[in-house]
There are 2 protein chains.
Amino acid sequence: MPNTIRREISRRTLDIIPLIMRVMSAEMRQSLPGVQPGHISLLGILRYRAHTLGDLADRLSVSAPTMSNTISTLEERGWVGRRRAEDDRRLVWIEITEAGQAALDKVEDNVETRLTNLLSDLNDHDAATLASGLTVLRDVFATALESDPKLYNE
Amino acid sequence: MPNTIRREISRRTLDIIPLIMRVMSAEMRQSLPGVQPGHISLLGILRYRAHTLGDLADRLSVSAPTMSNTISTLEERGWVGRRRAEDDRRLVWIEITEAGQAALDKVEDNVETRLTNLLSDLNDHDAATLASGLTVLRDVFATALESDPKLYNE
DNA sequence: GTAATCCATTAGCACTCCTAATCATATTGG
DNA sequence: CCAATATGATTAGGAGTGCTAATGGATTAC
């Protein structure tokens with residue numbers, strides 16, 4: 001298979017991803033005013049365990065100051081809490097609160113439901129195609145970020 | 001096929017799209033400082049023909065004031081031009097300039113190349129799967145936006 | 001010809017994002 | 001053991017996107 005195919009996939013990705021992002025952002029805004037995709041990614045990471053601030057900045061590919069500001073915003077809303085690490089007092093642990101968990105659940109549920117409705121028009125074959133395609137897509141990008149995270153942190 | 005599959009696809013989409021968006025944003029920033037995904041979408045639309053400001057706002061699902069501001073930013077960079085419509089003087093036509101065309105080409109080429117590299121690790125079967133999946137994905141969301149654009153413009 | 005409508009802009013606010021500079025805490029080397 | 005260096009978070013300052021509400025023209029409808 002010629003590499004032209006891969007170029008074509010890139011072009012298509014570049015077209016489609018921002019489109020989907022817009023739909024998702026609009027959905028989120030609608031389901032909980034003031035919430036942004038970044039907040040949901042953040043809360044999604046914190047759902048399973050606490051992380052340090054720098055760790056979160058790396059994960060989301062933003063600078064430390066940006067993460068600090070964003071955390072302050074979510075802290076004011078009562079969705080996350082800061083806690084100084086006791087063993088290394090330079091570190092700050094960020095943990096999700098009950099309210100944060102609730103906000104995350106609500107937005108995820110609303111957006112997921114809306115997406116599911118969009119997908120209900122698909123026939124089974126197309127649905128299967130989409131599912132496999134997404135898996136490939138995730139693997140490609142997840143591998144890229146893991147193998148060379150620094151590339152995306154500057 | 002049970003609807004659970006479609007719910008699973010939604011969940012996966014919600015996970016993956018922001019990840020890809022981050023990679024793409026980082027790429028764009030790197031290839032041309034100050035440029036944002038929204039700019040590229042905008043210039044991409046203007047590449048083929050001029051649009052009115054309100055038209056662009058609808059297409060990108062942002063409010064008219066937001067679009068007006070963004071156009072002003074791009075105008076200052078010399079990437080687009082404003083022109084009052086002569087037949088209906090309420091309208092403003094936005095057109096891409098040579099410099100805008102060049103900026104668009106540069107960023108698209110850089111980001112596409114980077115994506116293509118990421119994809120070069122894929123075997124042919126996975127590449128084909130991805131290509132089909134993206135087509136389905138685009139159709140789902142494009143249909144949604146066309147059929148009910150108002151839903152995403154508030 | 002006045003009222004209603006439509007399109008773009010301005011004003012003002014919240015937020016993300018950046019870099020550079022600062023502060024506190026740990027670690028390392030002489 | 002203490003000074004220099006490194007590390008993690010924050011503050012300051014600036015650019016940008018996004019919103020709603022209000023304003024100003026231009027057009028259409030009655």
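Just so we're clear, the structure is a prediction, and the values are computed from it rather than from any experiment. Order of the sequence lines fixes the chain letters, A, B, ..., with proteins taken first and strands second; residue numbering starts at 1 for each chain.
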Which residues in residues 91-113 of chain A have a heavy atom closer than 4.0 Å to any atom of DNA chain C? none
Thr66(B) side-chain N/O to dG18(D) phosphate OP1/OP2 under 4.0 Å: no
Do Ser63(A) and Thr66(A) get their side chains close enough for a donor-acceptor pair, meaning under 3.5 Å? yes
Can you tell me if Ser120(B) uses its side chain to pair, donor with acceptor, with the backbone of Asn117(B) under 3.5 Å? yes
Leu42(B) CG to dG16(D) P: how many Å, rounded? 15 Å
Which is more 5' along DNA chain C, the nucleotide nearest Gln36(A) or the one nearest Ala64(B)? Just name the residue. Ala64(B)
To the nearest angstrom, how far is Arg90(B) atom CZ from dC7(C) atom P? 6 Å
Can you see whether Arg59(B) engages Ser41(B) through a side-chain donor-acceptor pair at a distance of less than 3.5 angstrom? no
What is the distance from atom CE of Met24(B) to atom CD of Glu112(B), rounded to the nearest 0.5 Å? 10.5 Å
Counting distance only, does the side-chain N/O of Thr97(B) pair as donor-acceptor with the main-chain N or O of Gly78(B) below 3.5 Å? yes
Rounded to whole Å, the CZ-P distance (Arg89(A) to dA26(C)) equals 7 Å
Which residue lies toward the 5' end of DNA chain C, Ser63(A) or Leu53(B), if each is placed at its nearest nucleotide? Leu53(B)
Hey, is the main chain of Val92(B) close enough, under 3.5 Å, to the side chain of Thr52(B) for a donor-acceptor pair? no
Establish, with yes or no, whether the OP1 or OP2 oxygen of dC15(C) is under 4.0 angstrom from a side-chain nitrogen or oxygen of His39(A). no
Within the side chain of Ser61(A), is there an N or O that forms a donor-acceptor pair under 3.5 Å with the backbone of Ala57(A)? no
Going by the side-chain hydrogen bond (donor to acceptor under 3.5 Å, both in side chains) test, name the single residue among Asp124(B), Thr116(B), Asp121(B) that passes it with Arg6(A). Asp124(B)
Check each residue of residues 69-88 of chain A for a non-hydrogen atom within less than 4.0 Å of any atom in DNA chain C, then write out the ones that pass by number, or none. Thr70(A), Thr73(A), Arg77(A), Asp87(A), Asp88(A)
With the side chain counted from C-beta on, respond yes when Leu53(B) and Arg82(B) share a heavy-atom pair under 4.5 Å apart, and no when they do not. yes
Whole angstrom value for the distance that separates P of dT16(C) from CE of Met28(A): 14 Å
